[in-house]
There are 2 protein chains.
Amino acid sequence: MQSESMDKREKLLQTALELFVKQGFNDTPTSKIAKEAGIATGTLFYFFPTKDELIISLYLKLKGQATESINVALPEVKSTKEVIKTYYEQSLKWSLRNPNEFSFLAQFSNSPYLKKIGADEISAQIAPVLRHFRLAIEEQQVVDIDVNLLYALISNQVFGVNQFLSANKFTKKEQHNIIQDTFFMFWKMIER
Amino acid sequence: MQSESMDKREKLLQTALELFVKQGFNDTPTSKIAKEAGIATGTLFYFFPTKDELIISLYLKLKGQATESINVALPEVKSTKEVIKTYYEQSLKWSLRNPNEFSFLAQFSNSPYLKKIGADEISAQIAPVLRHFRLAIEEQQVVDIDVNLLYALISNQVFGVNQFLSANKFTKKEQHNIIQDTFFMFWKMIER
DNA sequence: GCGTCGACTGACTAAACAGTCACTTAAATT
DNA sequence: AATTTAAGTGACTGTTTAGTCAGTCGACGC
C-alpha cells in the first residue's frame, strides 16, 4: 500500500508546515496538526516524541531539500563566476517556488529553536558552498573578505530580493529580469 | 516616586524582551514574565489586555526606538551618498549596541505576528528613509531601481553584516573597518 | 491458525496556561 | 474628613495543551 496511501509521517510534516506558517508555533497545537491531517494524536507522537522534535525534523527536512535543490545545479565545470551566479539564481528560484517552506525556514532561523540544532549540523550543510566561495577568493576573482561574510552577504541579498519579489506581483519575465539585474549588481559589489 | 521606582509597565516590557529572546514566544508564559519582573500577573493584564498586545506593544516600542535612533543622525544637509552611508552605519551600530532588541525584532518580523500589524503602520515608519532613497535615485546618483528594492537590499545587507559581526569577536576597530568596507562595497553595487 | 510485531488509534490526564475578579492601597479631589 | 480614582494584587478558574497508554488491526512468517 505504500505507493497508494499517503505516508502519514510525511502528511503530518506537510500539515505542520502549513499551520506553522499560517499561525506560528505558538498557536498550532499538536492536536490541530493531527486533526487537520486526519491522523490520530497518538500517531503524531509515535513518529515524533515531542512537539520540539517535530519542529526540528521539519526544519532539517526542508533545509536539506533546499540545499539539495541548489547544489544539484552546481556542476564543477563552470567558471567561478558562473558558480556564484548559479547559486544565487537557484536559491532565489527555490524560495519563489516554495514560499511556505522558505517562510518556515526564516521563522525557524530567527527563533530560539535554531540554537537547539548543533552548529556542526548547519556548517556541514553549507560547507560545499563555502568551498566554492573560498576558491573564488583565492583565484582573486572576488574581493578578499572572510568567506563567512561573503556567505552572509549573498544569503541576505537573496532574502531581500525574495522579500521584494514576494511583496509585488511580477510576471515570470519581470521576475527573471530582476534576478539577473540584482545578481549583476551583486557581482559588481564583490568583484575585484 | 516616579523618578526613583522603576515604571512597572517598562519593567514588564524589559523583562518580556529578555525572556522572549531567550525562550521564544512559545515558552514564555505571562506568569513567568510577571514573576521575573517581580510584579503580579494581574498588573501585567492591567497594562496589556492580552499577551498578544504585550508582544505587539513591545515590537512597536523597539521599532520606534531603532527608527528614531537612526533618523536622528540623518540631517538634511549632507550629500545623498552621505545620507545613505549614515543610514547604513547607524542601523548597523544600533543593532550591535542592542543585540537583544535587534534579535526580538528579527524574531517578530519573521513570525506571523507581523501580519497583526497594519501595513500602514510599517510603511509610515520607513517613509522618511524611502524619501531619501527616492531622492538619490532621482538625482541619478544611484541605479534606477524600485525604491522598495533598494530598501530591501540595504536592510538585508545590514542584517547580514550584523550576523557576521555578532558571530565573531572583533575589536571595535575591526568592527568599524568591516562596517566601512562593506558600505564601500554596497555603494559600488548601487552607484550609477 | 497461532504468535508476534510495527503501525496506528483516541479517550484520557496532569500540568500549564491566559485571563478574571474581588479586593487593597495610596494619593488626589471635593 | 469623605469620596473617588487609578495602580496594583494574587488566588482562582475554565480551557487548552503536550504527551500517555491500553489496546486494535492487518501482515507476515512459522
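The basis for the numbers below is simple: all heavy atoms, side chains too, and nothing from hydrogens, waters or symmetry mates. Here is how names work: the chains are called A, B, and so on, in the same order as the sequence lines, proteins then strands, and each is numbered from 1.
For B:I39, counting side-chain heavy atoms from C-beta on, the closest listed nucleotide (D:dT9, C:dA18, D:dA18) is D:dT9. Each of C:dG10, C:dT20, D:dA18 was ranked by its minimum atom distance to the side chain of B:F45; first place goes to C:dT20.
One interatomic measurement links the two molecules: NZ of A:K51 to P of D:dT17, which rounds to 8 Å at whole-angstrom precision. Rounded to a whole Å, the NZ atom of A:K32 is 18 Å from the P atom of D:dG19. Rounded to an integer number of Å, the gap from A:K11 NZ to C:dC8 C1' is 16 Å. Atoms CZ (A:R9) and P (C:dG6) sit 17 Å apart, rounded to a whole Å. With rounding to whole Å, B:E53 atom CD is found 15 Å from C:dA18 atom P.
Looking at which nucleotide of DNA chain C each of A:F47 and A:T41 is closest to, the 5′-most match is held by A:F47.
Residue A:L44 is classed as having no contact, given no heavy-atom separation below 4.0 Å to the nucleic acid.
A donor N or O paired with an acceptor N or O is not found under 3.5 Å between the base of C:dA16 and the side-chain atoms of B:T30.
Using cut-offs of 30° and 60° on the angle between ring planes, the pair B:F170 and B:F164 is tilted.
Ring pair B:F20/B:Y59: centre-to-centre distance not below 6.0 Å.
Checking the phosphate oxygens (OP1, OP2) of D:dT9, a side-chain nitrogen or oxygen of B:K8 falls inside 4.0 Å. Listed pair A:T43 / C:dT9 meets the phosphate criterion, a side-chain N or O lying under 4.0 Å from OP1 or OP2.
Using a 4.5 Å cut-off on side-chain heavy atoms (C-beta onward), B:N110 and A:F159 make contact.
Between the side chain of A:S69 and the backbone N or O of A:Q65, no donor-acceptor pair lies under 3.5 Å.
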